[in-house]
There are 2 protein chains.
Amino acid sequence: MRLTTKGRYAVTAMLDLAFHSQIKPVTLTDIAARQTISLSYLEQLFARLRRAGMVKGVRGPGGGYKLCRKTSDINIADIIAAVNEPLDSTKCGGEANCQKDQACLTHDLWMGLSEQIKDYLKSISLADLLEKNQVQEVAIRQHHDAQQTIEIYRHQD
Amino acid sequence: MRLTTKGRYAVTAMLDLAFHSQIKPVTLTDIAARQTISLSYLEQLFARLRRAGMVKGVRGPGGGYKLCRKTSDINIADIIAAVNEPLDSTKCGGEANCQKDQACLTHDLWMGLSEQIKDYLKSISLADLLEKNQVQEVAIRQHHDAQQTIEIYRHQD
DNA sequence: ATAATAGTTGACTATTTTGCTGGGTTAAGT
DNA sequence: ACTTAACCCAGCAAAATAGTCAACTATTAT
């Protein structure tokens, strides 16, 4: 589980999509403008997200992208994993000599931690983040943004 | 909170250090050999860890590095933060126009998630990982490595 | 004192990843 | 037909990562 700006872009874009794709598909051009991410970079990210079965592209006028699943069924770990390379990270692979090695002992510790982080991120869904935001919005800002969030939240259900 | 191989190296090295620095300081040369990390790269990482007040260098023969605090008082988030650049990640900084922007709304969501991850990693200490390993070791392997772990665990207290 | 050990520093290089530009092709709506 | 947008791809500049090299300083053992 790697956590870089690339993953952040992906999650940000997916959040934006979740916000706006309730009625009709959202174009990458729109997301690019709102989130100030270059269109071509978004295309790369969404190509991976599509291959991972998280979003669906709709071609032609009025087209764009929409989510394949409910926001509550899309977790953060999957989004990040989708845009990153598989990441072996083992360095010792399945080598036999590694069993009794001190190095691999420490390696196991890291792997364990990595799994913990992954599980943690798997437990957080897009819906969780959106909901959390809704609460924050209503509490802190109370203007049209909040209203919009509530609208979306209703559609989501 | 960024999570890359750099952070992994740092955590791995700190784990190695926690394992071996109970009686006497551990040289970076040893860690480099065990964990197959280049010595000079370790030097860079430990320079940062030292500046962060997590490890202490002991010069002269028999010298090396040792932990400044108990393993239970050293958390993963701090280790990773120590070796990484400060990471602004804002892109909107504290700009005024960002308040009512849709982009910044999504940005806030990410920041919230980032904080969650950070808090999570803050809640995990070196001792936690070592202890977890000890349990695993006893359960699965039951050889000298496990014995060694128990020894260290006693010294730690 | 002196040699050996080991940390400290800085500059320098190679590789990888990142983020982006710009060119296209293909499918769908008008 | 024409537009719109997804889709695809080759390449490229900047940054981060990972590692090297060399000189230097502080400490300790003899």
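Quantities reported herein were computed from a predicted structural model and do not represent experimental measurements. Values below: all heavy atoms of this structure, side chains included; hydrogens, waters and symmetry mates excluded. Quick note on labels: first sequence line is chain A, next is B, and so on, each numbered from 1.
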Next on the checklist: Expressed as a whole number of angstroms, how long is the span from Tyr9(B):OH to dG19(D):C1'?
Outcome noted: 10 Å
Next on the checklist: Can you work out whether Leu39(A) or Pro61(B) has the more 5'-proximal nearest nucleotide on DNA chain D?
Outcome noted: Leu39(A)
Item to check | Nearest-Å distance for atom pair NZ/C1', residues Lys6(A) and dG19(C) | outcome: 9 Å
Checklist entry - Counting only side-chain N and O atoms of Ser40(A), is one of them less than 4.0 Å from OP1 or OP2 of dT21(C)? => result no
Item to check | Whole angstrom value for the distance that separates P of dA6(D) from CZ of Phe46(A) | outcome: 9 Å
Checklist outcome for this item: CZ of Phe19(A) to CG of Leu130(A), rounded to nearest 0.5 Å, is 5.5 Å
Item to check | Whole-Å gap separating P (dT8(C)) and CG (Leu42(B)) | outcome: 13 Å
Item to check | Tyr65(A) side chain near dC7(D) phosphate (N/O to OP1/OP2, under 4.0 Å) | outcome: yes
Checklist entry - Just how far, in rounded Å, is C1' of dG7(C) from CZ of Arg51(B)? => result 13 Å
Next on the checklist: If I take atom NZ in residue Lys56(B) and atom P in nucleotide dT8(C), what distance separates them, rounded to the nearest angstrom?
Outcome noted: 9 Å
Checklist entry - At under 4.0 Å between heavy atoms, what does Thr4(A) touch on the DNA or RNA strands: base, sugar-phosphate, or nothing? => result sugar-phosphate
Next on the checklist: Measure CG/Asn84(B) against P/dA16(D) and give the value in whole Å, please.
Outcome noted: 11 Å
Next on the checklist: I want to confirm an ordering. Mapping Gly7(B) and Thr29(A) to their closest nucleotides on DNA chain D, which one lands closer to the 5' end?
Outcome noted: Thr29(A)
Checklist entry - Below 3.5 Å, does any donor atom in the side chain of Gln44(A) face an acceptor in the base of dG19(C), or the other way round? => result no
Next on the checklist: Could you walk me through whether Met14(B) and Val55(B) satisfy the side-chain contact (heavy atoms from CB on, under 4.5 Å) test, starting with their C-alpha distance in whole Å, then the side-chain angles of each, then the deciding distance to 0.1 Å, before giving a yes or no?
Outcome noted: CA-CA 9 Å; Met14(B) 288 291 280; Val55(B) 297; 3.6 Å; yes
Checklist outcome for this item: Contacts of Ala47(B) and Arg59(A) projected onto DNA chain C by closest heavy atom; the upstream (5') one is Ala47(B)
Item to check | Set of salt bridge (charged side-chain N to carboxylate O under 4.0 Å, His left out) partners for Lys24(A), sequence neighbours left out | outcome: none
Item to check | Phosphate OP1/OP2 of dT8(C) contacted by Arg50(B) side-chain N/O (<4.0 Å) | outcome: yes
Checklist entry - How are the rings of Tyr41(B) and Tyr9(B) set to each other: parallel, tilted or perpendicular (split at 30° and 60°)? => result perpendicular
Item to check | Short side-chain to backbone donor-acceptor contact, Ser21(B) and Leu17(B), under 3.5 Å | outcome: yes
Checklist entry - Between Lys24(A) (NZ) and dA6(D) (C1'), how many Å, whole number? => result 15 Å
Checklist entry - Between dC21(D) and Tyr41(B), is there an OP1 or OP2 to side-chain N/O distance shorter than 4.0 Å? => result no
